[in-house]
K.L.:
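Next up is a structure, given as structure tokens.
As the structure is a prediction and not an experimental result, all values here were calculated from the model. By convention in this document, chain letters (A, B, ...) are assigned in the order of the sequence lines, proteins followed by strands, and residues within each chain are numbered from 1.
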There are 2 protein chains.
Amino acid sequence: MRPPGPPTDVPSRGRGGATDGDRRPTSHDVALAAGVSQPTVSRALRGDPSVAEATRQRVLDTAQALGYVPSERGRSLSTRRSGRIGVVVEDLGNPFYFELLDALHDRLERSDHRMVVLTPGRGDPERLERLVDGSTDGVVLTTTLLDSELPARLLDRRFPFVLLNRIVDGVAADSCSVANIEGAATIAAALVGHGHHSIGAIFGPSNTSTGRDREIGFRQELDKHGIVLRPESTRRGPFAHETGHRAIRGLLATRPRPTAVFCANDVIAIGALNAARALDIRVPDQLSIVGFDDIAMASWEVFKLTTVRQDLQEMCKTAIDLLLARITRPDRPPQQHVLQARLVHRATLARAPG
Amino acid sequence: MRPPGPPTDVPSRGRGGATDGDRRPTSHDVALAAGVSQPTVSRALRGDPSVAEATRQRVLDTAQALGYVPSERGRSLSTRRSGRIGVVVEDLGNPFYFELLDALHDRLERSDHRMVVLTPGRGDPERLERLVDGSTDGVVLTTTLLDSELPARLLDRRFPFVLLNRIVDGVAADSCSVANIEGAATIAAALVGHGHHSIGAIFGPSNTSTGRDREIGFRQELDKHGIVLRPESTRRGPFAHETGHRAIRGLLATRPRPTAVFCANDVIAIGALNAARALDIRVPDQLSIVGFDDIAMASWEVFKLTTVRQDLQEMCKTAIDLLLARITRPDRPPQQHVLQARLVHRATLARAPG
DNA sequence: CGGCACTATACATACGTATGCAGCGCGGTC
DNA sequence: GACCGCGCTGCATACGTATGTATAGTGCCG
């Protein structure tokens with residue numbers, strides 16, 4: 001066995017000519033310096049037991065000395081794995097998706113994956129390509145529209161993905177969402193239970209599963225109690241602060257004036273609360289407001305929003321588990337998980353005035 | 001010229017045996033089907049003018065028919081570019097960094113880059129490797145500590161990066177930050193101008209440039225006006241809601257009770273506002289509160305936070321421009337940009353009571 | 001002392017794209 | 001009619017790592 005002393009003095013491979021002094025060292029450079037072959041370097045660094053301990057140590061020391069860092073590009077090409085997961089989000093800048101990203105990042109971190117943030121773009125002309133070009137091992141779709149063809153396209157290509165939060169009907173894909181219909185029904189029941197008859201609603205986009213199902217659940221439960229939701233008492237808009245903010249003024253102008261307003265999510269509800277503040281409407285004395293999601297902000301003292309809580313951590317954990325399983329076993333049967341939601345009583349829902 | 005009819009019937013390359021029917025097609029497959037060589041496919045798809053129009057069209061059609069998508073892995077290895085930029089953020093879950101990420105993502109999108117979110121982790125043992133392994137073309141550091149060795153290490157390796165928001169002293173690196181000292185001084189002057197003498201402060205971490213400089217600027221300006229900031233009247237903590245929330249109760253218990261509190265950033269200020277609400281302290285009648293950053297939330301009616309505005313869009317644009325320039329020209333002299341900040345008067349700063 | 005099993009290493013090659021360079025064919029010019 | 005130039009395409013190879021297989025070396029047992 002050769003002593004671990006000075007590396008064999010081999011002339012430069014001359015790959016780049018004379019002045020490429022600051023090229024990043026590769027496993028070949030390490031191999032040369034350590035007096036072993038390139039594959040041995042690869043195996044040594046990956047802890048392959050077939051490499052002798054002494055050799056492994058020598059390779060490690062050499063790598064350290066040269067400041068060698070394995071190229072993710074080479075590895076990725078060779079292994080066909082990138083260690084990256086894409087997260088498709090339409091609406092960065094929305095606190096809800098922020099919390100979602102945070103939770104997703106946390107889960108991905110634990111499984112040693114990196115998170116790439118992708119936005120879908122209006123049409124999907126070449127956007128699809130950016131998803132399936134191999135730069136990620138799979139994607140999480142969080143803001144899918146009901147009529148989106150993306151899930152079907154990805155299924156066609158057998159590209160691993162999971163639907164999170166928003167789902168799409170009739171697609172045999174992995175998904176994890178919350179029981180939106182039941183959650184919204186719970187809210188309706190609570191409003192009725194607090195004596196509200198004149199009720200308003202700010203719904204989300206009907207081309208999203210969350211927007212649609214929360215509306216369905218809310219209306220169904222009101223129907224059961226014989227309460228009609230008058231068209232003038234409803235508004236609709238994107239899941240944004242602005243939507244709630246703008247809707248409140250109009251809703252308060254209708255007669256009979258609603259004593260409670262259901263908001264399709266917390267962000268809308270917080271917009272509504274801000275608008276109420278601007279109009280000097282006291283919540284909940286004059287107006288009850290209820291949201292959906294239970295984002296972190298909802299519990300702040302200035303809001304104390306009564307809402308329906310969904311377990312974002314659990315939802316993200318499930319989604320990532322599904323996705324990683326799909327990557328490992330492309331042929332496993334798809335699973336649809338639906339998590340339960342529960343009402344969180346805070347301070348924006350009170351008995352109807354009068 | 002061969003007619004564009006059926007492709008030459010060549011037996012399968014047999015690369016994967018019999019049953020690899022669902023392998024993703026490569027440029028070789030397209031070449032075979034279109035009756036050209038692989039390099040021609042590459043050139044045709046990249047719009048190389050040296051490819052004849054008829055050939056280009058045939059290749060495009062074939063690629064379309066096969067559902068070919070160029071492998072980002074192969075391309076990345078060959079070109080030594082990944083088209084990805086890493087963003088290192090310590091504290092996802094903080095609204096400020098969320099807005100930062102949103103702005104960064106927007107800028108990156110425009111230059112056709114993808115954003116990878118990276119967290120530094122406690123020690124930097126092998127974390128550095130994940131930055132320089134070639135999976136990104138450069139990184140944006142947003143939550144660097146003053147004593148961090150990361151920037152120096154990256155400089156050593158000549159790996160492209162830019163410091164955003166937080167900077168580090170004595171490192172010849174590209175950076176873009178805001179005039180924290182001047183901004184904080186402006187606030188101090190405003191407090192004094194509103195007749196406040198008994199002043200409290202909730203500072204950020206002193207091992208961050210933002211935390212340190214905002215403290216320096218604030219203290220300096222108070223000094224000029226002969227106002228002493230008593231140690232009992234100051235608190236310190238991370239840039240988090242919790243910090244402001246917790247600090248307020250203690251500050252209000254000191255005598256003389258402060259009539260105004262400076263908060264090192266808006267997130268802390270909003271925590272303070274929530275705590276004041278919980279304690280039934282009226283802002284600004286009983287207590288003035290001022291923040292720093294002007295995040296979106298600061299303008300909400302429930303807060304109406306008086307704060308110092310920094311132009312996040314501009315800051316991110318500048319940082320990305322610097323980074324991309326560095327990637328293109330590694331040897332260009334580093335630039336340090338400092339953006340101005342200005343006071344935004346809203347409703348949480350009023351004349352001192354009495 | 002020969003052969004066998006086993007260990008540690010090297011060799012060859014695959015992963016998929018991009019690009020410098022050579023070569024081929026065609027048309028024009030003198 | 002020969003030569004030259006140009007437009008288009010193919011050939012060869014590089015990018016850096018991982019892995020299946022062959023091989024050299026070692027020790028043990030009969």
K.L.:
Expressed as a whole number of angstroms, how long is the span from A/Arg80:CZ to D/dT19:P?
P.N.:
12 Å
K.L.:
Are any non-hydrogen side-chain atoms of B/Phe98 and B/Leu92 less than 4.5 angstrom apart?
P.N.:
no
K.L.:
Any donor-acceptor pair under 3.5 Å linking the side chain of A/Asp29 with the backbone of A/Thr26?
P.N.:
yes
K.L.:
How many Å lie between CG on A/Asp137 and C1' on C/dC15, as a whole number?
P.N.:
15 Å
K.L.:
If only side-chain N and O atoms count, and only distance matters, is there a donor-acceptor pair under 3.5 Å linking B/Ser82 with B/Asp137?
P.N.:
yes
K.L.:
Specify the separation, in whole Å, of atom CG of A/Leu45 and atom P of C/dT9.
P.N.:
14 Å
K.L.:
Between B/Thr119 and B/Glu90, do the side chains contain an N or O donor and an N or O acceptor separated by less than 3.5 Å?
P.N.:
no
K.L.:
Scan A/Arg75, A/Arg114, A/Glu72, A/Arg73 and name whichever one has a side chain to side chain donor-acceptor pair (under 3.5 Å) with B/Ser135.
P.N.:
A/Arg114
K.L.:
Check the distance between D/dT9's C1' and B/Glu53's CD and give it to me in whole angstrom.
P.N.:
16 Å
K.L.:
In the structure I gave you, are the side-chain heavy atoms of B/Asp174 and B/His337 within less than 4.5 Å of one another anywhere?
P.N.:
no
K.L.:
So if I define the base as every atom that isn't primed, P, OP1 or OP2, how would nucleotides 17-22 of chain C read as a B/S/- string at a heavy-atom cutoff under 4.0 Å?
P.N.:
BBBB--
K.L.:
Just compare D/dT9, C/dC15, D/dC15 and give me whichever is closest to any side-chain atom of B/Leu77.
P.N.:
D/dC15
K.L.:
Provide, to the nearest angstrom, the distance between the CZ atom belonging to A/Arg58 and the P atom belonging to C/dA8.
P.N.:
13 Å
K.L.:
Can you tell me the distance, in whole Å, between the CZ atom of B/Arg56 and the P atom of D/dC8?
P.N.:
13 Å
K.L.:
At under 4.0 Å between heavy atoms, what does B/Val41 touch on the DNA or RNA strands: base, sugar-phosphate, or nothing?
P.N.:
nothing
